[in-house]
Amino acid sequence: MIKQDLQNALSMTIKELYGLEIAASDLLVVPTKKEYKGDFTLTVFPIAGKVKKAPPVASKEIGDRMVTKGDILSYEVVQGFLNMELNRQSWIHALTNIYNDNSFGHGAPKDQTVLVEYCSPNTNKPLHLGHIRNMLLGSSTARILEVLGYNVKRIQVINDRGIAICKSMLAWQKWAHGATPESTHIKGDHFVGDYYVLFERHFREEYTSWQSGPEAEKEFSQRKDLSTAKEDFFSEYKNVYFNKFSPLGKEAREMLLSWEANDPEVKALWAKMNQWVYKGFEETCNKLGVYFDSSDYESVTYLLGKDAVEKGLSKGIFYKKEDGSAWINLEDAGMDQKLVLRSDGTSIYITQDFGTAQMRYEKYHMDKCIYVVANEQDYHFKVLFEILKRFKEPYAGGLYHLSYGMVELPEGKMKSREGTVVDADDLIDEVISEAKANASERGELNGLSSEDQNKIIESIALGAIKFFMLKVNPKKGMVFNPKESVDLQGQTGPYIQNAFVRIQSVLRKSNSFDASLIHEYKNILPEEKELLILVETYPSVVNKAGTEYDPSEIANYAYALAKAFHKFYHEVPILRADDPAALQFRLTLSKVVGNTLREAFDLLGISMPERM
RNA sequence: GGUCCGGUAGCUCAGCUGGAUAGAGCAACUGCCUUCUAAGCAGUAGGUCAAAGGUUCGAAUCCUUUCCGGAUCACCA
């Protein structure tokens with residue numbers, strides 16, 4: 001590695017000159033800015049301070065010694081910056097090393113199991129934009145960890161029970177007249193989601209007409225804050241109405257009770273409708289290239305965690321109140337008191353979560369567990385992790401909440417009630433049709449079968465969507481403009497795919513490939529150096545993405561590399577190079593860049609087309 | 001109110017373990033296809049890095065305070 005070698009040489013030189021021990025990796029070495037002559041720059045200020053010399057003086061001393069020892073070709077000093085020019089051999093070695101490294105950017109097997117949980121859909125409605133961000137983050141993070149040598153298990157939790165799915169079930173019973181996804185040709189998850197919407201519509205009608213009745217009048221007159229306007233009062237009051245007065249609400253709640261009592265008819269309907277939904281989800285996931293090694297169902301896990309509560313009580317981690325509810329006091333950790341078991345003895349969300357964690361530990365003996373969940377649950381996971389820490393669970397140190405910002409529309413948050421949700425399937429279809437239009441305009445795919453064409457177009461469209469979502473740092477909220485849809489030009493997935501395609505096209509046309517000739521190459525160009533430096537940093541980028549659980553590192557790296565290649569491609573002739581050594585050097589470099597781009601995109605779950 | 005996260009070009013984002021004149025893309029404008037795929041390249045224009053203090057040779061980056069936006073603080077999940 002060029003940079004590491006240079007850092008090592010510098011570290012040794014500094015020790016020889018000043019007797020000062022600085023770890024090679026602590027030396028600040030960066031590629032030299034374009035305005036200056038040189039390949040790499042050492043920032044000498046901190047070193048000069050330690051050895052009590054003026055920065056330019058120390059720079060000159062270090063530079064002289066490096067040249068004398070043959071570590072570098074030449075140097076220039078600008079203030080406290082030491083700009084060094086490398087030997088020709090350094091570059092050539094760098095290229096051949098990468099070219100010969102079959103596991104470039106991969107980590108050694110670690111013998112550690114990591115669970116990555118993502119997606120977590122509700123079975124009463126189809127997947128939307130938020131799920132897309134979640135799934136892409138999760139599956140990309142999983143892939144990154146896998147390549148770094150971890151044994152990764154992809155897991156989803158399916159929220160398949162509760163009042164919401166009962167609403168869909170009830171609406172279907174009342175108004176579907178036996179219709180099915182097959183009979184209507186509607187995708188299963190959308191089909192069930194439509195009945196959820198239908199329920200809400202009927203419920204709203206019922207609520208509106210109730211508001212002019214005597215019961216409503218009475219409730220309104222007894223409101224706490226008498227200055228509240230009627231409209232505001234009833235918009236706040238909706239949930240109370242649902243639980244207290246609504247006939248539809250009553251039916252839905254009764255259905256939930258029947259479900260919990262294992263009523264065979266209700267369970268059968270529930271199972272049937274969930275199957276419809278799963279089939280729809282599977283289709284969407286397949287399209288996105290997202291998959292799971294196993295699924296946990298809330299209908300199973302919602303009963304978990306009570307044993308843990310008993311254990312916690314006996315250990316004194318939890319305490320009991322008079323009404324029978326169990327609590328934990330987290331005030332010494334800067335949090336509140338938190339309920340862990342209801343007074344009726346049933347478990348709540350957080351209880352289920354530590355029950356689920358234990359269940360998983362029994363199954364996988366994981367070392368780490370990563371939860372990909374939106375940032376609205378930051379506090380929940382802080383509490384959960386603290387509890388598991390107090391339980392001294394063996395995996396407690398490896399818990400991580402991959403918290404990501406919500407996806408918003410230009411006009412604000414997505415609201416299912418107001419119909420401003422961007423549906424996952426719609427979005428995919430839209431971008432595919434845009435990619436299709438672009439492709440037919442370009443005509444590059446003309447000779448191919450329509451099957452191959454569609455494959456490529458899908459790769460481009462999904463590349464655009466995935467890159468769009470993954471290039472943003474996860475913890476940042478992001479704004480998605482459906483009108484502009486997803487760009488196919490500029491800082492995008494297709495831009496990077498295009499760099500790869502150009503490389504493949506060049507490689508296809510080259511008939512001789514002899515990597516040994518590159519040692520003869522004399523005049524390495526700035527564009528070539530820039531590419532090599534970038535390619536070299538790839539393993540450290542993967543490492544960073546893995547330790548920080550941040551795929552955007554990979555996305556931004558891939559863009560930088562593709563950009564450098566496009567420039568190189570434009571400025572420097574490859575196949576028409578004027579000597580054989582140059583040709584081989586550039587072909588090898590192109591190949592290495594292409595492989596690295598493909599590797600990087602593999603980590604993002606994006607495929608590389610051979611042509612486009 | 002407490003806690004957490006964010007605020008960088010008209011828009012979407014990099015840069016944040018302190019280093020040279022703060023970078024990309026989109027949108028606008030201008031060039032470049034008889035030469036390796038123009039989903040490309042090059043250029044013009046666009047900035048008080050929310051604000052104010054502090055730390056230092058040096059701050060978008062670290063510290064403090066303030067302002068703005070979001071999330072959260074349920075016997076919901």
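Since the structure is predicted, the reported quantities are computational estimates derived from the model, not experimental observations. In what follows, every chain begins at residue 1, and chains take the letters A, B, ... in the order their sequences are listed.
- Considering only side-chain N and O atoms, A:K563 lies under 4.0 angstrom from the phosphate OP1 or OP2 of B:G25.
- Of the listed nucleotides (B:C75, B:G25, B:U37), B:C75 has the atom at the smallest distance from the side chain of A:D323.
- Below the 3.5 angstrom threshold, one finds no donor paired with an acceptor across the side chain of A:R502 and the base of B:U37.
- Ring planes of A:F45 and A:F81: perpendicular class, angle over 60° (limits at 30 and 60°).
- B:A27 and B:C67: their C1' atoms are spaced 30 Å apart (whole Å).
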Dot-bracket notation for RNA chain B is requested: 5' to 3', Watson-Crick or G-U wobble pairs only, both distances under 3.5 Å, with ( ), [ ], | and . as defined.
((((((((.[[[[.)...(...]]]].(((((.......))))).....[[[[[..)....]]]]])))))))....
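- Residue A:F81 places its side chain closer to B:A20 than to any other of B:C41, B:A14, B:A20.
- Across all strands shown, A:E376 has heavy atoms under 4.0 Å from sugar-phosphate atoms exclusively, and none from any base.
- Across the P atoms, B:A22 and B:U48 are found 13 Å apart, a figure rounded to whole Å.
- Closest to the side chain of A:R342, out of B:G40, B:U72, B:C76, is B:C76.
- Between A:Y196 and A:F199, the distance separating the two ring centers is not shorter than 6.0 angstrom.
- Rounded to an integer number of Å, the gap from CZ of A:R576 to P of B:U34 is 14 Å.
- By the 4.5 Å heavy-atom criterion applied to side chains, A:W270 and A:M169 are counted as neighbours.
- Nearest to the side chain of A:K476, among B:C26, B:G7, B:A42, sits B:G7.
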List the steps, then state whether side chain to side chain donor-acceptor pair (under 3.5 Å) holds for A:N134 with A:Y404.
CA-CA 8 Å; A:N134 182 307; A:Y404 62 91; 3.0 Å; yes
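- Comparing atom distances between the A:Q352 side chain and each of B:G40, B:A20, B:A77 picks out B:A77 as nearest.
- With sequence neighbours excluded, the residues forming a side-chain contact (heavy atoms from CB on, under 4.5 Å) with A:V29 are A:K3, A:L6, A:Q7, A:L10, A:L27, A:F40, A:L42, listed by chain and number.
- Side-chain atoms of A:S459 never come within 3.5 Å of backbone atoms of A:K455 as a donor-acceptor pair (strictly under, hydrogens ignored).
- Comparing the C1' positions of B:U56 and B:U61 gives a spacing of 14 Å, expressed to the nearest Å.
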Go through the steps to decide whether A:Y241 and A:Y237 satisfy the test ring pair (Phe, Tyr, Trp, His ring centres under 6.0 Å), and finish with yes or no.
CA-CA 6 Å; A:Y241 168 75; A:Y237 191 77; 7.4 Å; no
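- Rounded to whole Å, the C1' atom of B:G25 lies 30 Å from the corresponding atom of B:C62.
- A:M84 places none of its side-chain heavy atoms less than 4.5 Å from the side chain of A:T41.
- For the OP1/OP2 pair of B:G25 and a distance below 4.0 Å, the side-chain nitrogens and oxygens of A:K471 include no atom meeting the criterion.
- The A:H570 side chain lies nearest to B:G40 when the options are B:C13, B:G19, B:G40.
- The side chain of A:L339 approaches B:C75 more closely than any other nucleotide in the set B:A77, B:C75, B:U37.
- As judged by a 4.0 angstrom heavy-atom cut-off over every strand, A:V501 is placed among the base-contacting residues.
- Here the C1' atom of nucleotide B:U37 and the CZ atom of A:F565 are 11 Å apart, to the nearest Å.
- Residue-to-nucleotide contacts include no donor-acceptor pair under 3.5 Å from the side chain of A:T43 to the base of B:A20.
- Within 4.0 Å (heavy atoms only), A:I163 reaches no atom of the nucleic acid at all.
- Residue-level contact check: A:G477 touches the backbone only, with heavy atoms under 4.0 Å from sugar-phosphate atoms and none from bases.
- With C1' as the reference atom, B:C57 and B:A20 are 13 Å apart, rounded to whole Å.
- The distance from atom CG of A:N473 to atom C1' of B:G23 is 17 Å, rounded to the nearest whole Å.
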Show your reasoning for whether side chain to side chain donor-acceptor pair (under 3.5 Å) applies to A:Y302 and A:E260.
CA-CA 11 Å; A:Y302 89 110; A:E260 280 169 2; 4.6 Å; no
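- Distance from the side chain of A:S325 is smallest for B:C75 among the nucleotides B:C75, B:C41, B:G6.
- If you check every strand for non-hydrogen atoms under 4.0 Å, A:S403 touches nothing.
- Nucleic acid contact for A:P55: none, since no nucleic acid atom lies under 4.0 Å from a heavy atom of the residue.
- For the residue pair A:K471 and A:S552, the shortest heavy atom distance occurs at O-CB, 3.5 Å.
- Taking atom P in both B:A9 and B:G47, the straight-line distance is 10 Å, to the nearest Å.
- One can place CG of A:D26 at 14 Å from C1' of B:G18, the figure rounded to the nearest angstrom.
- A:M335 comes within 4.0 angstrom of no nucleic acid atom, judged by non-hydrogen atoms across all strands.
- Counting heavy atoms from C-beta outward, A:L137 and A:R133 have side chains that approach closer than 4.5 Å.
- With centres under 5.5 Å and a plane angle under 30° as the test, the ring of A:Y559 is not stacked against the base of B:A24.
- At a cut-off of 3.5 angstrom, counting only N and O atoms as typed in the model, there is no donor on one side facing an acceptor on the other between the side-chain of A:D487 and the base of B:A27.
- Among the heavy atoms of the strands, none lies under 4.0 Å from A:D353.
- Atoms NZ (A:K567) and P (B:A38) sit 17 Å apart, rounded to a whole Å.
- Each of A:P494 and A:S552 was assigned the nucleotide of RNA chain B with the nearest heavy atom; the assignment lying further toward the 5' end belongs to A:S552.
- Base engagement by A:V572 is indicated by at least one non-hydrogen atom pair under 4.0 Å involving a base atom.
- Applying the 4.0 Å criterion to OP1 and OP2 of B:G6, one finds that A:K475 has a side-chain N or O inside that range.
- Of the candidate nucleotides B:C13, B:G19, B:U37, B:G19 has the atom lying nearest to any side-chain atom of A:L28.
- Within the structure, every side-chain polar atom (N or O) of A:Y495 is placed at least 4.0 Å from both OP1 and OP2 of B:U37.
- The gap from the C1' atom of B:G6 to that of B:A14 amounts to 15 Å, rounded to the nearest Å.
- The side chain of A:E571 lies closest to B:A42, out of B:G15, B:A42, B:A77.
- Among the atoms of the strands shown, base atoms are found under 4.0 Å from some heavy atom of A:F45.
- In the model, A:Q156 has a side-chain atom that pairs as donor or acceptor with a side-chain atom of A:S295 under 3.5 Å.
- Judged by centroid separation below 5.5 Å and plane tilt below 30°, A:Y569 does not stack onto the base of B:G40.
- Counting non-hydrogen atoms under 4.0 angstrom, A:E408 reaches nothing in the nucleic acid.
- Put simply, the side chain of A:S343 and the base of B:C75 share a donor and an acceptor less than 3.5 Å apart.
- When the P atom of B:C16 is taken as reference, atom CD of A:E553 falls 8 Å away, rounded to whole Å.
- Counting any heavy atom pair closer than 4.0 Å across all strands shown, A:N122 reaches no nucleic acid atom.
- Contact between the side-chain N/O atoms of A:K33 and the OP1/OP2 oxygens of B:G19 is not found at any separation under 4.0 Å.
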